[in-house]
Every structure is written in C-alpha cells, then in structure tokens.
Amino acid sequence: MAANTDVGEDAAARRDLAVRAAVEQGLVGGADSAEPLTCLLDTAGIRSSAAALTGAFAAALAPGTPVLHAFAVKAAPLVPVLRLLADAGLGCEVASPGELALARAAGVPAGRTVLDSPAKTAAELREALALGIAVNADNPQELARLDALVAQAPTTAPIGLRINPQTGAGTIDALSTATATSKFGVALRDPGAREWLVRAYLDRPWLTRLHVHSGSQGVPLALIAEGVRELHALAEEINAAAGRRQVDTLDIGGGLPVNFASDEETPRFAAYVTALREAVPALFSGAYGLVTEFGRSLLAKHGLVLARVEYTKTSGSRPIALTHAGVQLATRTAYAPAAWPVRILPYDAKGAPKTGDPVAQDVAGPACFAGDLLATGRELPLLAPGDLIGVPDTGAYFFTAHYGYNSLPRPAVHGFTVDPGGQVRFSLARPAQSVEAIVAEAGGALGDALL
Ligand SMILES: *Cc1c(COP(=O)(O)O)cnc(C)c1O
C-alpha cells in the first residue's frame with residue numbers, strides 16, 4: 001500500500017497534467033477568448049477514496065456483515081458522480097426530494113438509498129415507504145406520522161430513529177450536530193429521553209435501526225466515535241428490553257474531516273475505523289449491520305476550480321488579483337474565511353505552475369461585495385492578468401453547492417482521467433449554466449406577472 005504522501009503526490013501530479021491539458025483543450029484559459037472558469041474532478045482519486053472507505057470497513061467487520069456505504073448526496077449532487085460511486089459499490093444518503101431524484105437518475109436502487117432530512121413532508125415519507133427506501137425519523141412528531149403511514153400500507157422500508165448523543169461541538173459550530181441543543185434527532189441526554197426511546201421501539205416492532213451523525217468538518221474523530229458508542233449502547237439496551245435483536249442495523253453517519261492545508265489525505269478512513277474499534281469494539285462483531293454516510297471525505301480532495309485572473313491592481317498598497325472564482329463556488333470561504341481557508345495554486349496562462357518570489361496579495365472573486373475573497377494577504381508569486389488560479393480540495397460542498405449571487409452562472413464540471421502515457425481525457429459531468437437558463441429560472445417567461 002502506498003504511504004500517505006504518495007497518494008497526495010500522485011494526485012498533485014495528475015492535477016498539474018490536467019491543468020495543462022484543460023488549457024490546451026480549451027476548457028479554460030488565460031487568453032481573452034477562452035473560458036474564464038471551469039471545475040475539474042479527478043475520477044481516479046474519487047475511485048481511490050471509495051475503495052479506501054469500503055476496504056477499511058471490510059477489513060474490520062466480521063465476514064458477512066451487511067454494510068451499506070451511502071454517499072451523502074449534498075456533498076456533490078451530480079448524477080455522474082453518484083453513478084461513479086454506485087459503480088464503486090456505494091449507495092446514496094438523500095435529504096430532499098431533489099437529492100432523491102438525483103440518486104434515482106443515477107440508477108441507485110431504493111435498497112441502497114437512505115432518507116434523512118429533518119423536515120420530511122408526509123408526501124416524502126409516503127413515497128420513501130412505497131419505494132422501500134430506508135428512512136431515519138428525526139423526532140417524535142415524525143414518528144407519529146410514520147405510525148399512521150405504516151398502519152395504512154405495510155412497507156419493506158427499514159425505519160430508524162436519529163438520536164443526538166449530545167456529546168458536544170467540534171471547531172465549527174454551524175457543522176456540529178451533537179450539541180446540547182442541536183436541531184437534529186432525539187436528544188438522548190434530555191430528562192426522560194432514554195426511557196421514551198426504549199418504549200418507542202418496544203411499541204413499534206418495525207423500528208429496526210438507529211442513526212447518529214455527530215457533525216462534519218471540525219468534529220474530532222474521538223467525538224464522532226463517542227457518538228457511535230452511545231448509539232451502540234442504546235441499541236443494546238433496546239434489544240435487551242425487547243428480548244430479541246429488534247435493532248439490527250446501526251447507521252453511524254459521516255463526518256470524517258478533510259485536510260485543506262496540503263495534498264496529504266488525512267485522516268484516512270483506516271484511522272477512523274481504528275478509532276471506532278477502540279471506542280466501540282462490539283460494532284464490528286457482526287451483531288449489527290452497518291450504514292455509513294460519508295460525503296466530504298470521499299470527494300473534497302478530488303475537485304479543483306480553475307479560474308482566470310482578469311485584472312490585477314493595488315489598493316492601500318495591497319496587491320489584489322481579480323479572478324472569476326469567488327462566493328458563487330466558495331460560499332463558506334467568503335462568509336466564514338477563518339473556518340474555511342482554501343489553498344491557492346498559481347498557474348501561468350499556459351497552465352504551467354507559476355513560480356516567483358512570494359508576495360502577499362488578496363485573491364478576489366467576481367461578485368459585488370467586499371467579502372468576496374478566497375484569500376487575504378496570501379504569499380504567492382505575483383499574479384498577472386491571464387494567469388490562472390487553481391483552488392484544490394473543492395470537490396465537496398464548493399462548486400457543487402452553487403450560490404446564485406449576482407446571477408453568476410454555475411460553471412461547467414469536467415471529470416478527468418490520466419492514462420499511463422500522461423494523456424488527459426476529459427468528460428463533461430455538468431454543463432455550464434447558460435445566460436438563457438439564468439433568465440428562464442428568473443421568471444423570464446413571466447415578465448408581465450407583476451404589472
Ligand atoms: C451532511 C451529512 C452527512 C455527510 O457529512 P460529511 O461531513 O460530508 O461526511 C451524513 N449524514 C447526515 C445526516 C448529514 O446531514
């Protein structure tokens with residue numbers, strides 16, 4: 001097996017080849033006539049992360065244990081990505097009618113799909129039960145809805161409840177879902193909650209799963225593992241009270257953080273499995289089937305934004321590069337720069353890595369507000385008009401979570417592979433949004449509606 005750094009070095013070498021080829025093949029460029037912005041996905045990298053995930057769990061689980069790795073669709077809601085992951089053996093975790101439609105469009109079967117949103121409508125629940133999609137209920141009122149639906153029409157869909165282990169926050173509050181007052185799940189440590197949960201299962205023989213997701217980026221592995229330990233203990237308690245193995249599957253969520261500081265892929269899925277084995281050894285005994293819901297850790301490292309530097313200037317003697325990559329594809333970075341720093345990789349107009357003495361400069365996006373910056377005072381070779389910037393680690397929750405500020409279009413996304421001879425092949429995974437589409441989505445056909 002390759003050492004950690006080898007993975008990153010291979011990926012970095014593929015990335016530089018892809019940048020050069022993207023310019024040569026006209027996907028993006030420094031010349032005035034070329035496209036100013038595009039996004040790339042490294043297909044081999046995605047496959048290697050999927051294999052690392054399935055391999056890490058397979059190596060630890062008792063042989064024959066049922067396991068479903070459901071990709072959290074919100075991390076990269078693109079049909080070709082979901083199909084690629086399905087081809088690598090993964091299913092889908094969905095949290096809206098749109099995400100469910102994407103999973104179905106990718107051909108992901110109902111039996112490999114999990115529905116998790118905190119505000120599912122009755123219609124969504126009815127559809128999921130009719131299709132046989134696994135449902136994790138969020139709260140007692142949703143459970144009461146499920147009571148009525150299950151009474152009306154028996155279902156084969158596995159049904160569980162999400163708990164909030166209230167184990168605490170990580171470093172990013174907005175992504176910490178296991179706080180004392182989180183909006184997600186049944187709060188396990190609230191007075192009476194445990195007793196209520198056990199009773200809820202005893203009263204409903206069709207409740208067979210338990211679900212936890214303690215948060216995303218910024219939640220340490222030990223804290224995630226602690227939430228899973230709470231989940232397992234509750235399942236044991238319910239099964240003891242039931243006198244049978246009523247809870248047969250534990251859905252342990254996602255949340256493995258990603259390193260945005262370098263090309264090194266850390267922490268690895270294998271490290272997460274080790275942390276889980278230490279905290280909850282019985283999880284791997286085969287007594288429970290497992291569902292996981294990873295998103296960011298499968299895709300983030302494999303996405304790259306490539307944008308042209310349109311102009312450069314100085315303001316208050318600070319050099320500033322005005323580029324086409326900003327808040328529309330790095331929304332969290334623009335609004336919460338301390339929590340979401342991104343690297344900036346400088347390339348020249350031909351797509352070759354740019355070298356030169358480091359100069360502190362701001363890297364700005366195209367949007368009309370002052371916070372539209374990807375980096376402030378960043379030491380880089382002085383950027384010039386026609387250069388390109390690469391923004392790596394953007395394969396999850398960045399360009400696939402477009403923000404329509406200033407009617408900036410969704411950029412194209414191209415997958416790429418590099419053959420052993422160094423030839424780069426691109427395939428379009430999402431077309432750029434056209435100006436016509438922007439007008440149509442903005443009520444273009446309804447121009448007289450308000451007269
Ligand atoms: C967002 C989310 C995930 C995926 O989280 P990552 O940090 O991307 O792995 C999994 N499960 C649920 C319920 C989520 O809301």
Side-chain angles (χ1 to χ4, degrees), residues 46 49-50 52-54 56-57 68-78 81-82 85 90-96 98-100 102-103 113-120 124 128 133-139 142 160-165 169-179 182-186 209-221 223-225 227-228 231 249-260 265-269 271-273 275-276 290-303 332 339-340 393-398 400-401:
I46 299 171
S49 286
L53 166 63
T54 54
F57 276 87
L68 171 66
H69 297 292
F71 173 65
V73 170
K74 72 174 184 282
L78 298 178
V81 168
L82 306 184
L85 291 172
L90 275 61
C92 283
E93 185 263 356
V94 301
S96 71
E99 289 182 0
L100 174 56
L102 295 179
T113 305
V114 179
L115 173 63
D116 272 347
S117 105
K120 308 173 198 78
E124 277 179 84
I133 288 169
V135 174
N136 288 314
D138 177 81
N139 60 68
E142 188 183 351
L161 256 183
R162 176 167 182 173
I163 60 144
N164 167 11
T171 57
I172 305 177
D173 283 344
L175 271 65
S176 297
T177 50
T179 58
S182 160
K183 73 169 184 173
F184 292 103
V186 176
R209 293 188 169 192
L210 274 169
H211 175 220
V212 71
H213 171 69
S214 290
S216 295
Q217 190 70 17
V219 180
L221 292 193
L223 202 59
I224 303 180
V228 176
L231 190 78
T249 301
L250 298 178
D251 181 337
I252 63 172
L256 189 70
V258 162
N259 168 28
F260 285 93
E265 289 192 32
T266 181
R268 312 293 294 271
F269 287 109
Y272 178 56
V273 168
L276 280 179
L290 274 194
V291 177
T292 73
E293 306 173 339
F294 294 99
R296 180 177 290 106
S297 50
L298 285 162
L299 258 293
K301 299 303 281 183
H302 313 305
R332 286 171 170 166
W340 296 102
D393 311 326
T394 46
Y397 302 99
F398 278 83
T400 53

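Every number for a ligand or one of its atoms is a count from 1 in the order of the listing.
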- Task: Give, for atom CD1 of Ile46 and atom CG of Leu90, the distance between the pair rounded to the nearest 0.5 Å.
- Result: 11.5 Å
- Message: Quick check on contacts: which atoms of ligand 1 are under 4.0 angstrom from a heavy atom of Gly295?
- Response: 6 (P), 8 (O), 9 (O)
- Query: Numbering the atoms of ligand 1 from 1, which are under 4.0 Å from a heavy atom of Ala72?
  - Reply: 3 (C), 4 (C)
- If hydrogens are left out, which of Gly218, Ala76, Pro257, Ser216 has an atom nearest to atom 5 (O) of ligand 1, that is, the closest non-hydrogen atom? Ser216
- Distance to 0.1 Å, residue and atom name: give those for the protein heavy atom nearest to atom 11 (N) of ligand 1. Glu293 OE1, 2.7 Å
- Query: Does even one non-hydrogen atom of Ser297 get within less than 4.0 Å of ligand 1?
  - Reply: no
- Nearest 0.5 Å please: distance from the CG atom of Leu298 over to the NE2 atom of His69. 9.5 Å
- Quick one: does ligand 1 sit under 4.0 Å from the side chain of Phe184, the backbone, both or neither, non-hydrogen atoms only? neither
- Tell me which protein heavy atom sits closest to atom 14 (C) of ligand 1, plus the residue, atom name and distance to 0.1 Å. Lys74 NZ, 2.9 Å
- Message: Can you tell me how far apart CG (Asp251) and CG (Leu231) are? Round to the nearest 0.5 Å.
- Response: 8.0 Å
- Query: What do you reckon, does Gly254 have a nitrogen or oxygen under 3.5 Å from a nitrogen or oxygen of ligand 1?
  - Reply: no
- Should His211 be counted as touching ligand 1, given the test is an N or O pair under 3.5 Å? no
- Sub-4.0 Å atoms of ligand 1 with respect to non-hydrogen atoms of Glu93: 11 (N), 12 (C), 13 (C)
- Can you find a pair of side-chain heavy atoms, one from Lys301 and one from Ser49, that are under 4.5 Å apart? no
- Quick one: are the ring centres of Phe184 and His213 less than 6.0 Å apart? no
- Message: Working note: Glu93 + Asp116, criterion side chain to side chain contact (heavy atoms under 4.5 Å, CB included); need CA distance, chi angles, decisive distance, verdict.
- Response: CA-CA 7 Å; Glu93 185 263 356; Asp116 272 347; 2.7 Å; yes
- What's the shortest heavy-atom distance between Val219 and Leu175, and which atoms? CG2-O, 4.3 Å
- Item | Proximal ligand 1 atoms for Asp116, defined as those under 4.0 Å from one of its heavy atoms | 13 (C)
- Message: If the cut-off is 4.0 Å to any non-hydrogen atom of Arg162, which atoms of ligand 1 fall inside it?
- Response: 13 (C)
- Query: How would you list, by chain and number, every residue that makes a salt bridge (charged side-chain N to carboxylate O under 4.0 Å, His left out) with Glu142, sequence neighbours excluded?
  - Reply: Lys120
- Note on the structure: Rounding to 0.5 Å, atoms CG (Asn164) and OG1 (Thr179) come to a distance of 6.0 Å
- Look at atom 8 (O) of ligand 1 and say which protein heavy atom is nearest, naming residue and atom and giving the distance to 0.1 Å. Tyr397 OH, 2.5 Å
- Note on the structure: So the atoms of ligand 1 within less than 4.0 Å of a heavy atom of Arg296 turn out to be 6 (P), 7 (O), 8 (O), 9 (O)
- Task: For Phe294, take its heavy atoms, then give the atoms of ligand 1 lying under 4.0 Å from any of them.
- Result: 9 (O)
- Message: Do Leu250 and Leu290 have side chains that approach each other closer than 4.5 Å (heavy atoms only, starting at C-beta)?
- Response: yes
